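Here is the structure we will look at.
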Amino acid sequence: MSHDQLGLFAPSHDDTSDDTNNIQQQINELTDDLNEHAHRYYVLDDPIISDAEYDRRYRKLEALEKEHPQWKRPDSPTLRVGGPPLEHFEKVQHRVPMLSLANAMDEAEMREFDQRIKRHLKMPASASIDYVIEPKIDGIAISLLYENGVLITGATRGDGVAGEDITNNLKTIRTIPLQLSDKDRKIPPVLEVRGEAYFPRGAFDAFNAKMLANDEKTFANPRNATAGSLKQLDPKITAQRSLAAFVYAPGYSEGVEFDTHWDFLQALKHWGFQVNPISQLCSGLDPVVEGYHNLMEQRPTLDYDIDGMVIKVNDYDLQERLGAVAKSPRWAIAFKFPAQQETTQIETIEVQVGRTGALTPVAHLAPVQVGGVTVSRATLHNQDEIDRKDIRIGDTVVIQRAGDVIPEVVQVIMDLRPEDSEAYVLPNVCPVCGSEAERAPGEAVMTCTGLDCPAKLKASLQHFSARKAMNIEGLGKKLIEQVVDAEMVVHLSDLFRIDFDGWTSLERMGEKSAQKLLDNLDKSKDTTLSRFLFALGIRHVGERTAQVVAQAFPSLDQLYNASLHELECVQDVGPIVASSIHRFFNQEKNRAMIEELLELGVNPEPPPPPVEAGEADPSFADKTFVITGTLQTRSRNEAKAQIEERGGKVSGSVSRKTDFLVAGDAAGSKLRKAQDLGVTVLTEEDFLAMLGENA
Ligand code: IVH
């Protein structure tokens with residue numbers, strides 16, 4: 001629709017003879033136009049006008065409606081801001097009960113579901129059934145009733161028989177059409193659809209952050225926030241919450257019939273609903289199982305929480321023949337994912353002391369399974385976090401583990417708090433060495449001030465000997481604890497002073513192991529400057545930073561003499577990192593420690609001279625590389641850029657012309673092909689060595 005048709009830019013003298021029809025038509029056209037653009041924006045994710053332009057048209061409609069409320073349409077986008085508040089919610093009887101789903105816990109139960117269906121339908125076990133698979137949205141079930149295409153009632157599921165009338169709240173959700181579109185498909189006189197309202201993750205995080213900033217109660221997860229938002233008697237509050245909705249099931253309808261669920265889902269899209277885009281039609285069970293694994297992988301990348309996958313028989317005749325048992329249909333099942341949140345109890349809070357002396361409170365939990373692993377500890381970060389969430393020993397808490405992230409306490413369940421509980425305050429002395437612990441102004445962490453705190457020393461030694469640092473094989477946590485507790489190591493360098501007798505004096509240390517360890521200690525002394533820098537445990541200096549700093553200052557002397565400004569000039573080194581490095585090398589005791597290490601034979605090799613940008617490196621120039629699998633130290637794109645900077649080429653597929661295949665973890669067919677063709681295969685370490693970084 002053009003702007004002119006909308007009368008947006010029409011000169012005002014066009015509106016002469018109080019042409020009421022004209023105004024009503026303008027309201028109609030603007031309503032259609034805005035609904036169309038909102039649908040493009042919210043449902044199709046494909047806007048074609050700017051937000052500002054949308055706002056302009058919206059305000060125009062708002063003004064016209066204010067003057068002529070009699071022509072305001074029931075699907076006007078201005079209704080999305082929420083009407084007047086209610087006293088209470090009315091009850092709504094569901095004309096067809098809202099069922100729930102039986103669960104399958106593993107693949108075997110899913111196969112059993114498929115077999116059960118075939119037995120019930122008297123089909124051979126080898127027959128193939130068509131299924132639709134859909135993500136199981138972890139939100140709040142809703143029912144939407146349309147009469148002649150207009151949204152009349154929106155309700156919660158309630159007990160499945162009757163729910164609550166939350167129409168005004170649901171009208172604020174922009175992915176729920178107020179008026180169905182009849183552009184591609186006829187609208188039935190009565191249509192009830194069911195689905196799930198949810199809080200998109202991004203919007204939820206922003207919302208919780210805002211609540212936190214205003215000192216208001218945050219929600220443990222998007223599902224709770226959705227429930228809370230839909231229960232508001234004042235729809236204006238709901239309107240501020242950016243909820244969304246997917247639809248996935250038919251309810252009571254008149255004048256429309258579908259042969260299959262897949263057809264039904266397509267019709268929903270035409271009518272303007274948001275249907276989940278990763279729903280899929282599968283023929284037989286194998287693609288269903290594959291779909292489950294794919295969905296599991298996609299789970300962390302989705303902008304909404306899902307707690308499993310729903311499998312539905314596609315054919316509605318078959319669905320009818322299968323019917324329901326108790327409260328769930330026989331034709332569908334939910335294949336659940338492991339939960340990512342659980343509740344458990346805090347048994348005690350332990351304070352750990354890290355390498356930098358930071359005191360970290362760690363909650364010891366009654367063990368629970370979260371996302372498939374047993375969790376018995378969760379970090380509480382610092383005093384501020386504890387205060388903010390008011391976490392106490394003895395509390396029952398919601399914990400969460402998202403992906404590989406360390407488990408964290410999300411929320412305390414206040415109703416279950418023991419009466420005699422007390423607020424938790426971190427000790428002001430180090431629990432390991434008894435020195436004073438202090439909190440630097442502006443920082444959240446408490447730090448142990450003890451110079452020789454054994455906890456700091458142990459953590460430093462562990463870091464020093466780690467694989468990516470000095471790589472001292474065989475020197476594990478247990479041994480480090482023993483040598484520190486026995487005061488055989490008081491300073492880092494003492495590690496290289498322990499002799500054969502010293503090592504064999506330790507518990508469970510045989511002569512052979514002692515000799516091996518001494519050999520490994522010796523071997524570790526020949527190292528690279530970047531490993532050595534990383535091993536020193538300078539604050540903010542990780543493996544990558546150590547590498548770039550070693551490239552820029554290839555000897556310790558140069559590092560000693562580097563000015564703050566020179567350090568800041570190194571690419572990827574910001575002012576905080578630069579000042580940390582500068583401070584470290586300007587402390588006498590650190591220099592002394594380094595000198596001792598050098599005297600004891602530690603020999604950090606400078607990196608090979610760097611390649612100037614644009615200057616070709618003979619090992620790379622005109623060579624063709626293929627990168628496959630996952631690299632640990634950088635993304636494939638970064639690796640590609642580094643190859644190209646040195647004059648090499650990167651190709652996507654392996655052929656006889658390939659000079660090198662860089663094979664990261666889980667390299668697959670490309671690696672096999674390279675081996676078949678006799679192409680040189682580089683491990684990540686080989687590749688780093690070629691780059692002149694760490695070998
Ligand atoms: S179908 C008769 N499909 O899971 C079957 N449900 O325990 C009706 N849910 O109450 C449900 N995503 O709130 C269906 N794609 C989906 C779903 C889904 C989430 C929820 C729904 C229902 C519960 C089943």
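In each ligand, atom 1 is the first atom listed, and ligand 1 is the first ligand listed. Since the structure is predicted, the reported quantities are computational estimates derived from the model, not experimental observations.
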SB check [X] [Y] (cutoff 4.0 Å):
| X | Y | value |
| --- | --- | --- |
| Arg223 | Asp305 | no |
| Asp317 | Arg321 | no |
| Arg119 | Glu112 | yes |
| Arg57 | Asp33 | yes |

## Note on the structure
Checking heavy-atom distances from atom 3 (N) of ligand 1 to each of Lys136, Lys312, Lys327, the winner is Lys312

### Message
If only side-chain N and O atoms count, and only distance matters, is there a donor-acceptor pair under 3.5 Å linking Gln274 with Tyr42?
### Response
no

### Query
Do any nitrogen or oxygen atoms of Ser100 lie less than 3.5 angstrom from nitrogen or oxygen atoms of ligand 1?
no

Of the protein's non-hydrogen atoms, which lies at the shortest distance from [atom], and what is that distance?
| atom | result |
| --- | --- |
| atom 13 (O) of ligand 1 | Glu196 OE1, 2.7 Å |
| atom 12 (N) of ligand 1 | Ile137 N, 3.0 Å |
| atom 7 (O) of ligand 1 | Leu101 N, 3.1 Å |
| atom 2 (C) of ligand 1 | Pro329 CG, 3.6 Å |
| atom 8 (C) of ligand 1 | Leu99 O, 4.0 Å |
| atom 15 (N) of ligand 1 | Glu134 OE1, 2.8 Å |
| atom 9 (N) of ligand 1 | Tyr248 OH, 3.3 Å |

### Task
Return the orientation label for the Phe204 and Phe199 ring planes: parallel under 30°, perpendicular over 60°, tilted otherwise.
perpendicular

### Task
Might you point out which heavy atoms bring Glu347 and Leu365 nearest each other, and give the distance in Å?
OE1-O, 3.8 Å

### Message
Could you tell me, atom by atom, which parts of ligand 1 come under 4.0 Å of a heavy atom of Ala141?
### Response
13 (O)

### Query
At under 4.0 Å between heavy atoms, which part of Val310 makes contact with ligand 1: side chain, backbone, both or neither?
side chain

### Query
For ligand 1, is Ala249 a contact, meaning one of its heavy atoms is under 4.0 Å away?
no

### Message
Any heavy atom of Pro135 closer to ligand 1 than 4.0 angstrom?
### Response
yes

#### Entry: Stepwise side-chain hydrogen bond (donor to acceptor under 3.5 Å, both in side chains) check, Gln345 with Asp395
CA-CA 6 Å; Gln345 208 179 7; Asp395 272 343; over 6 Å; no

### Query
Is there a side-chain hydrogen bond (donor to acceptor under 3.5 Å, both in side chains) between Gln341 and Asn221 once you walk through the steps?
CA-CA 9 Å; Gln341 278 193 346; Asn221 53 49; 2.7 Å; yes

